[in-house]
Amino acid sequence: MQKNNWTIKSLLEAYKNGTAKPADVFADYIAKIKTEDKKLNSFLSILEDYPVGEFNSSQELSGIPCALKDNMLLEGTIATSASKILKNYV
């Protein structure tokens, strides 16, 4: 399957059979966001340094990349809801 064209099912299968690793998949998506988002400007921040764990088959969505809206709280990150009033809200 082509990079950045994964389904959850195909990605979990690739992790299980060892043809993909979460760190590589996340790096591919971050690279795509950096090039594609210049047109869309849809991401307020990208957590490039956020630790990516190893695949754990006992966790249902282990290793699946996702995007969080900026009004969702993630420990240790700023959640501004795109508001200047909340610019330093952690």
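Scanning both residues, Pro22 and Gly53, for their nearest heavy atoms gives CB-O, 3.7 Å. Scanning both residues, Trp6 and Ala20, for their nearest heavy atoms gives CH2-CB, 4.2 Å. Considering all non-hydrogen atoms of both residues, Tyr15 and Lys21 come closest at CE2-C, 3.6 Å.
Rounded to the nearest 0.5 Å, atoms CD1 (Ile8) and CD (Glu60) are 9.0 Å apart. Once rounded to the nearest 0.5 Å, the distance linking OG1 of Thr19 with CG of Asp24 reads 11.0 Å. If you take CZ on Phe43 and NZ on Lys38, they are separated by 14.5 Å, rounding to the nearest 0.5 Å. The line from CG of Leu44 to CG of Leu68 is 12.0 Å long, rounded to the nearest 0.5 Å.
Remark: side-chain polar atoms of Ser10 are paired, donor with acceptor, to backbone N or O of Thr7 under 3.5 angstrom. Counting only distance, with no hydrogens or angles, the side chain of Asp37 and the backbone of Ser42 share a donor-acceptor pair below 3.5 Å. Side-chain atoms of Tyr29 never come within 3.5 Å of backbone atoms of Pro65 as a donor-acceptor pair (strictly under, hydrogens ignored).
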request  = Give the C-alpha distance, both sets of side-chain angles, the deciding distance and a yes or no for side-chain contact (heavy atoms from CB on, under 4.5 Å) between Ile64 and Leu12.
outcome  = CA-CA 8 Å; Ile64 303 300; Leu12 290 174; 3.8 Å; yes
task = Let me see the working for Ser83 and Thr80 under side chain to side chain donor-acceptor pair (under 3.5 Å), right down to the final yes or no.
result = CA-CA 5 Å; Ser83 167; Thr80 67; over 6 Å; no
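Phe26 is not listed as a side-chain neighbour of Glu48, based on a closest heavy-atom distance of 4.5 Å or more. For the pair Ile30/Leu47, no side-chain contact is recorded, criterion being any heavy-atom separation below 4.5 Å from C-beta on.
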